[in-house]
Amino acid sequence: MYPDTCLVSFYETNGRRLGLHQDCDESSDSLRRGLPVVSISVGTSAIFVYGRTERKRKLKSVYLDSGDVLIFGGESRHIYHGVEQVSCFTSTDRLYVESQMRLGRLSLTLRQF
Ligand SMILES: O=C(O)CCC(=O)C(=O)O
Ligand SMILES: [Fe+2]
């Protein structure tokens with residue numbers, strides 16, 4: 001994979017969420033090959049929800065902490081996913097002191113169009 005796009009999103013701690021969706025804006029070639037989405041988390045922790053269908057009962061979830069890198073590609077490239085509950089907690093208080101970053105979650109999402 002040769003990522004050529006980086007989407008930068010900032011989630012405030014007071015409840016900004018990203019609803020369930022599939023990432024399908026990339027080229028049909030990129031999607032067909034299952035080239036991955038690489039998500040890098042910085043800042044406060046969040047819950048990433050995902051599943052093969054949109055049905056709430058079938059969703060799984062994983063905590064994304066600062067420094068975590070989540071990759072979904074291949075067969076998982078078309079999973080439904082979203083970001084819930086951005087908490088006030090972070091594993092890296094030093095980050096805020098040293099970088100003066102605003103409290104929240106920064107997500108860098110790399111893709112190849
Ligand atoms: O914030 C994340 O880790 C995921 C973001 C996402 O799903 C997207 O930008 O399409
Ligand atoms: Fe997405």
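Atoms within a ligand are numbered from 1 in the order they appear, just like the ligands themselves. Basis for what follows: all heavy atoms, side chains included, without hydrogens, waters or symmetry-related copies.
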S.K.: For D65 and S45, test the side chains for any donor-to-acceptor distance below 3.5 angstrom and give the result as yes or no.
M.R.: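 Yes, side-chain donor-acceptor contact under 3.5 Å.
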S.K.: Among the N/O/S atoms of D23, which is closest to the Fe ion (ligand 2)? Give the atom name.
M.R.: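 Answer by atom name: OD1.
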S.K.: Donor-acceptor pair, distance only, cut-off 3.5 Å: does the side chain of E26 make one with the backbone of L31?
M.R.: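 A pair under 3.5 Å: no.
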S.K.: State if R111 counts as touching ligand 1 under the rule of any non-hydrogen atom under 4.0 Å.
M.R.: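 It does, in that a heavy atom of R111 comes within the 4.0 Å cut-off of ligand 1.
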S.K.: For ligand 1, which atoms, with element, lie under 4.0 Å from some heavy atom of H21?
M.R.: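 So the atoms of ligand 1 that pass are 6 (C), 7 (O), 8 (C), 10 (O).
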S.K.: Does the side chain of H78 come under 3.5 Å of the side chain of D23 through a donor N or O and an acceptor N or O?
M.R.: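 No donor-acceptor contact under 3.5 Å links the two side chains.
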S.K.: Going by the closest heavy atom to atom 6 (C) of ligand 1, which one wins out of T109, L18, D25?
M.R.: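 Residue with the shortest heavy-atom distance to the ligand atom: L18.
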S.K.: Show your reasoning for whether ring-ring contact (aromatic ring centres under 6.0 Å, His included) applies to H81 and F72.
M.R.: CA-CA 10 Å; H81 61 281; F72 53 98; 4.7 Å; yes
S.K.: Short list, please: which atoms of ligand 1 are under 4.0 Å from a heavy atom of S39?
M.R.: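 With S39 as reference, the close atoms of ligand 1 come out as 2 (C), 3 (O).
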S.K.: Please list the nearest protein heavy atom to atom 4 (C) of ligand 1 with its residue and the distance rounded to 0.1 Å.
M.R.: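 For atom 4 (C) of ligand 1, the nearest protein heavy atom is V83 CG2, 4.1 Å.
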S.K.: Measure from the side-chain N and O atoms of D4 to the backbone N and O of F113, and report whether any donor-acceptor pair falls under 3.5 Å.
M.R.: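 Present.
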S.K.: For ligand 1, note which part of L7 has a heavy atom under 4.0 Å away: side chain, backbone, both or neither.
M.R.: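 Within the 4.0 Å criterion, L7 contacts ligand 1 through side-chain atoms alone.
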S.K.: Taking both backbone and side-chain atoms of D23, is any N or O found less than 3.5 Å from an N or O belonging to ligand 1?
M.R.: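 In this structure, D23 places an N or O atom under 3.5 Å from an N or O of ligand 1.
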S.K.: Any idea which atoms of ligand 1 are less than 4.0 Å away from a heavy-atom of S107?
M.R.: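 Per the distance check, 1 (O), 2 (C), 3 (O).
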S.K.: Would you mind running through ligand 1 and noting each atom that sits below 4.0 Å from a heavy atom of R105?
M.R.: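 Taking each heavy atom of R105 in turn, ligand 1 has 1 (O), 2 (C), 3 (O) under 4.0 Å.
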S.K.: Write the atom name of the N, O or S atom in H81 that is nearest the Fe ion (ligand 2).
M.R.: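 Atom name of the closest N, O or S in H81: NE2.
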S.K.: Heavy-atom contacts with H81 under 4.0 Å: which atoms of ligand 1 show up? List them by number with element.
M.R.: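 Listed by number with element: 7 (O).
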S.K.: Any salt bridge between R102 and E12, counting N to O under 4.0 Å?
M.R.: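 Looking at E12 together with R102, the answer is yes, because their closest N to O distance falls below 4.0 Å.
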S.K.: Regarding S30 and R111, do their side chains bring together a donor and an acceptor under 3.5 Å, going by distance alone?
M.R.: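 Not at all, the side chains of S30 and R111 share no donor-acceptor pair under 3.5 Å.
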S.K.: Per the side-chain contact (heavy atoms from CB on, under 4.5 Å) rule, which among C6, P36, S39 passes with L110?
M.R.: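 It is C6; the other options fail the test.
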